[in-house]
Amino acid sequence: MRKRSLAAAVLGAVALIGSLLVATPAHALNDTGTGGVFVPATGRILDTAKGTGGFSTPMEAGKYRTIKVTGLAGLPDDGSVGAVSLNATVGGSSGAGTLFGRPDADSGRTTMLIYSGVSGEYTSNSATVAVGADGTIQVMTENATRLILDVQGYYTANTDGTAAGGFVPVAKRIVDTRSGLGAAKATIAPGKSVDVQITGSNGIPSGASGVVVNLIAINSTDSDGYLTPYATGSTKPQNALHYAPSITTSAQAQVPVSAGGKITIANGSATANLVVDLQGYFTAAGKSGAVFTPSYGRAYDSRASGNTALASGETRSIQIAGKAGVPVMGSGITAVTLTLIVSHAGSAGYAEAWADGTSKPGTTAINFQADDIRTNTITVPLGANGKIALRNVADATNYVVDVQGWYTDSTLPTIVCAAPYSSGSWNNAVPDADISCVVTAPRAAASDDALAIILDGEELDPIAMSATATTPTDVVVAATPGKHLLSSRVTSGSRGQSAPVSTYSFGVGNWAEKAIEPSILDGDIVALSPDLGVGIEGSDALPATGTVKYTVWSAEDSTNPLIESDPMDPDSPFSLPQGVLEANSTYRWNAVLSGPSGQTQENRVVTSPTWSFSTNATDNVEDAKETCADALSAMTSNEDYDPQDGGLGYNCYGDTAEIASVDAASPSSSVAATTKSRSMAADAPSETPTHATHYVYNRVSNKMVSLVGLSGENAREAVDSIQPESTGSAPAKPVMRTAKLGLSNVYEKINSQWKETLGLTVTYGELNSRGVPTSAYVLKNTVTFNLGKFTTADYSYTWTSLSNRDTSPLLELRSYQRALPPIRIDTVHTGQGKGADIVFRRSYTQKGTVLLNRGKFQYNFDLRKLTINDLRKGYFPQVGGDWHPMVTGKRFQCYKTTVCKFPNGKEAP
């Protein structure tokens with residue numbers, strides 16, 4: 001026993017450079033054997049100091065030795081061994097170096113461990129090596145050394161297995177003798193041991209055959225030591241995982257589990273604390289789980305060109321799937337076994353590794369000292385993007401990640417999407433067409449097995465599986481900017497929600513690197529209350545979580561803004577209210593866009609170019625008021641109009657005008673306090689405010705009707721009777737119609753395959769007994785619906801008072817399934833004018849979700865009712881009603897495994 005020499009610990013760095021700087025191979029499967037399920041076994045197959053394995057002399061530097069594996073240490077010699085799990089120990093080295101292993105001279109080599117070369121010190125690490133056709137492996141060290149190889153188990157050469165089951169990743173700390181977690185709170189003396197309960201807790205079921213653990217020895221003494229893990233109650237094997245004096249050492253081990261679900265960890269030579277981090281387990285014989293395929297290759301090197309050392313506390317996402325011969329996500333891959341190499345640590349510390357995109361489990365992957373070159377084998381599940389997260393808890397340190405193999409689960413569905421949308425990829429270009437994927441289920445193992453598919457958070461209807469063949473299912477992903485996640489699993493009554501999940505993710509779009517396009521072209525001439533808006537070139541877009549802030553300047557003063565918006569929703573127009581702009585003048589404007597962009601989803605802030613526009617003399621707000629006043633005059637001149645003494649309000653939108661008493665204008669408490677009301681039945685009339693006076697007028701047909709005393713179907717028939725005659729079988733719809741240039745009262749626009757905008761500009765106010773308006777205000781309402789899902793659509797509702805009024809509107813929007821008669825699917829009340837928390841604003845955007853049915857149907861949206869609550873005037877009569885939509889959207893199509901859309905950007909036929 002001796003003290004560790006820190007100077008000697010870093011000797012041989014130059015010699016290691018050659019072995020560490022191995023080029024990463026281009027993507028092709030680098031499997032070196034067939035692999036299979038894990039079978040625990042123990043026994044020593046090589047010790048060059050004792051003649052075990054046929055060699056009694058130290059390893060020769062740079063020369064491979066062929067070592068017999070099968071037929072020894074419990075490994076069968078019948079061709080069923082595909083790979084062997086070893087605990088390798090190097091000692092007595094003439095310098096620092098690397099131990100490599102391979103199945104034969106025609107295969108690539110695996111990095112098994114890096115040893116320090118400190119005199120009298122032993123270095124241990126676990127490694128998995130494919131076994132050659134003749135039952136041997138080949139090993140090589142870079143220096144003359146003593147080499148010990150102890151078997152931990154083997155992987156079968158076929159996926160049917162011979163004994164134990166497949167691998168299931170689980171990351172959790174289960175023992176820490178410093179705190180008393182899972183064992184007594186005390187150091188472990190030489191010759192003592194700790195029993196650890198594995199099954200029945202920690203997420204591991206009874207009957208598990210083996211466990212993968214990272215053993216961490218925290219040694220504060222000046223003596224080195226070793227740990228020997230084995231199944232509790234069995235004979236202690238020769239295996240020895242060596243740890244160094246005065247430091248913390250980590251080493252992975254694959255350990256069989258006793259019939260009672262326990263393992264024993266024996267300590268030798270030194271007194272140390274022990275930490276045990278769980279990395280996964282092997283299932284019982286004949287049970288599900290992932291099978292192992294041995295491999296080799298370098299997946300990542302932070303020293304490579306374009307990379308940097310990991311900073312202190314930095315967590316870096318590292319792509320593994322699709323790199324260094326590892327299969328892509330969606331192939332059934334669940335986890336990887338890696339050699340994690342620390343290259344010249346910036347300080348003493350450790351690293352953590354886990355599946356990217358998941359919660360950090362609080363386990364350790366490797367421990368090291370300042371300037372160390374250190375290795376440890378780790379088994380890590382992959383994130384949906386095919387990445388691991390690696391966190392450096394030390395000063396800036398370089399890391400290298402080499403592949404030993406991977407686990408795949410044959411019971412997992414496979415997922416493949418059209419090129420170039422491989423899992424984990426990100427394409428800056430957003431395609432115009434849908435993205436096609438195929439999810440293939442394995443053969444059914446039970447009569448009620450079904451394929452469950454979830455796309456971007458929405459679950460499709462279960463798909464029946466065949467017991468005699470695989471079941472492919474085409475799934476279409478909307479070509480919308482951002483990240484898309486496709487996951488699938490086999491589900492049945494016996495599996496429940498516990499079945500393993502296959503995941504596949506990719507992303508498209510990078511708005512911050514593309515041109516910003518204005519809604520008003522540079523130099524355009526507009527009315528006095530225009531809408532400003534921006535878009536991104538091509539099919540890209542600012543994400544829904546982003547914001548846009550608009551600024552307008554007078555052409556004569558580019559320093560002091562004339563008006564600035566608050567940060568707005570990307571789908572919302574910035575409607576300039578009346579009185580801001582002057583006629584026949586020139587103005588300059590721009591927009592500042594902010595939101596996540598590209599693969600990193602880093603928040604980007606981009607300022608658009610500055611554009612200009614000029615105004616004409618058209619006051620489109622006044623024109624709307626005048627158009628409404630003309631309609632009111634026609635109404636009050638009608639012989640059926642019965643004048644009232646005060647208490648009247650009015651509204652105008654599209655071709656419709658209404659006059660109603662204010663006595664019942666406030667919405668019922670049930671509506672005011674409710675955000676959503678769901679209905680899956682045929683459309684039925686809801687409660688409508690009752691007025692002493694209520695006239696509805698259509699200015700195209702010049703017809704008017706009174707709704708006093710009418711409700712439900714009677715009110716609907718009355719309003720239908722005044723609509724313009726239609727040439728088709730369907731009743732006439734409100735159309736885009738404006739009496740004077742510059743303001744669209746009612747409009748509908750299909751923006752793309754996955755987006756539609758409905759607009760409604762309402763003129764409202766009070767009326768005297770002679771039918772003359774005594775006040776007039778204009779409120780602009782814009783609703784944008786975003787499709788691209790199966791059973792829901794997202795919406796954003798923006799209102800702006802063009803008359804600079806503090807208002808609190810409440811808008812009712814609906815979704816309908818096209819049928820005879822149409823079926824109302826969902827009713828949503830949105831806006832600030834509901835419940836006890838009414839908020840008055842001059843402009844605001846509110847977001848939400850509308851429900852659709854599941855399956856292949858056509859739908860449309862409409863805007864049905866609007867209640868306006870004015871801060872100074874109170875409630876005005878409700879705009880619209882159950883009897884007729886204010887604005888009707890176009891038909892769109894939903895499918896079983898294709899997202900809802902407007903086919904080719906047009907109304908569904």
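In what follows, every heavy atom counts, from backbone to side chain, and hydrogens, waters and symmetry copies are set aside.
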- Donor + acceptor pair across side chains of Q404, T110 (<3.5 Å): no
- Shortest non-hydrogen pair, N219 vs T271, comes out as OD1-O, 3.5 Å
- Is there a donor-acceptor pair closer than 3.5 Å between any side-chain N or O of N125 and the backbone N or O of M112? yes
- Message: For a quick check under 3.5 Å, do T308 and R316 share a side-chain donor-acceptor pair by atom type?
- Response: yes
- Which pair of heavy atoms, one from A365 and one from S250, lies closest together, and at what distance? O-OG, 4.1 Å
- Message: As a test of understanding, state which of F167, W406, F292 forms a ring pair (Phe, Tyr, Trp, His ring centres under 6.0 Å) with Y155.
- Response: F292
- Message: According to salt bridge (charged side-chain N to carboxylate O under 4.0 Å, His left out), who are the partners of D150, at least two apart in sequence or on a separate chain?
- Response: R44
- Donor-acceptor under 3.5 Å (T177 side chain, L274 main chain): yes
- Going through the distances and angles, do T379 and T337 end up as a side chain to side chain donor-acceptor pair (under 3.5 Å)? CA-CA 4 Å; T379 301; T337 297; 3.3 Å; yes
- Query: Any luck finding a side-chain donor-acceptor pair between N307 and D301 under 3.5 Å?
  - Reply: no
- T187 and N273: side chain donor to acceptor below 3.5 Å: no
- Message: Tell me whether R102 forms a cation-pi arrangement with Y296, defined as NZ or CZ under 6.0 Å from the six-membered ring centre and within 45 degrees of its axis.
- Response: no
- Using 4.0 Å as the upper bound for N to carboxylate O, is an ion pair formed by R173 and D277? yes
- Message: Donor-acceptor check, side chain of N392 to backbone of E314, threshold 3.5 angstrom: yes or no?
- Response: no
- Which residues pass the side chain to side chain donor-acceptor pair (under 3.5 Å) test with S331, sequence neighbours left out? none
- Item | Partners passing salt bridge (charged side-chain N to carboxylate O under 4.0 Å, His left out) against K68 (at least two apart in sequence or in another chain) | D77
- Query: Do N239 and Y230 get their side chains close enough for a donor-acceptor pair, meaning under 3.5 Å?
  - Reply: no
- Task: Could you check I333 against V326 for side-chain contact (heavy atoms from CB on, under 4.5 Å), going step by step and ending with a plain yes or no?
- Result: CA-CA 9 Å; I333 187 171; V326 177; 3.4 Å; yes
- Item | Steps toward side-chain contact (heavy atoms from CB on, under 4.5 Å) verdict (I137, V84) | CA-CA 9 Å; I137 63 171; V84 61; 4.3 Å; yes
- Task: Tell me yes or no: between the side chains of T363 and E352, is some donor less than 3.5 Å from an acceptor?
- Result: no
- Item | Stepwise side-chain contact (heavy atoms from CB on, under 4.5 Å) test for I366 and I378 | CA-CA 8 Å; I366 192 170; I378 59 173; 5.9 Å; no
- Between R146 and Y122, does a side chain to side chain donor-acceptor pair (under 3.5 Å) hold up when you go through it step by step? CA-CA 9 Å; R146 177 186 179 184; Y122 286 83; 2.9 Å; yes
- Task: Determine whether the side chains of N87 and S126 contain a donor N or O and an acceptor N or O closer than 3.5 Å.
- Result: no
- Could you tell me whether the side chain of S295 and the main chain of G405 form a donor-acceptor pair under 3.5 Å? no
- Between D372 and R374, is there a donor-acceptor pair closer than 3.5 Å when you use the side chain of the first and the backbone of the second? no
- Query: Do Q152 and T42 have side-chain atoms, one donor and one acceptor, less than 3.5 Å apart?
  - Reply: no
- N267 versus Y243, side-chain donor and acceptor atoms under 3.5 Å: yes
- Item | Side chains of T111 and D402, donor plus acceptor under 3.5 Å | yes
- Sidechain-backbone polar pair: T141 side chain, T145 backbone, donor-acceptor under 3.5 Å: no
- Message: Tell me if a side-chain donor or acceptor on T232 pairs with a main-chain N or O of I263 at a distance below 3.5 Å.
- Response: yes
- Task: Quick one: do V291 and T408 satisfy side-chain contact (heavy atoms from CB on, under 4.5 Å)? Show the steps, please.
- Result: CA-CA 5 Å; V291 299; T408 52; 3.7 Å; yes
- Message: Using modelled atom types and a 3.5 Å cut-off, is there a donor and acceptor pairing between side-chain atoms of T48 and backbone atoms of M59?
- Response: no
- Query: Between the main-chain N or O of G62 and the side-chain N or O of E60, is there a donor-acceptor pair closer than 3.5 Å?
  - Reply: no
- Task: Kindly say whether T364 contributes a backbone atom to a donor-acceptor pair with the side chain of N214 at under 3.5 angstrom?
- Result: yes
- Item | Any donor-acceptor N or O pair under 3.5 Å, side chains N143, Y115 | yes
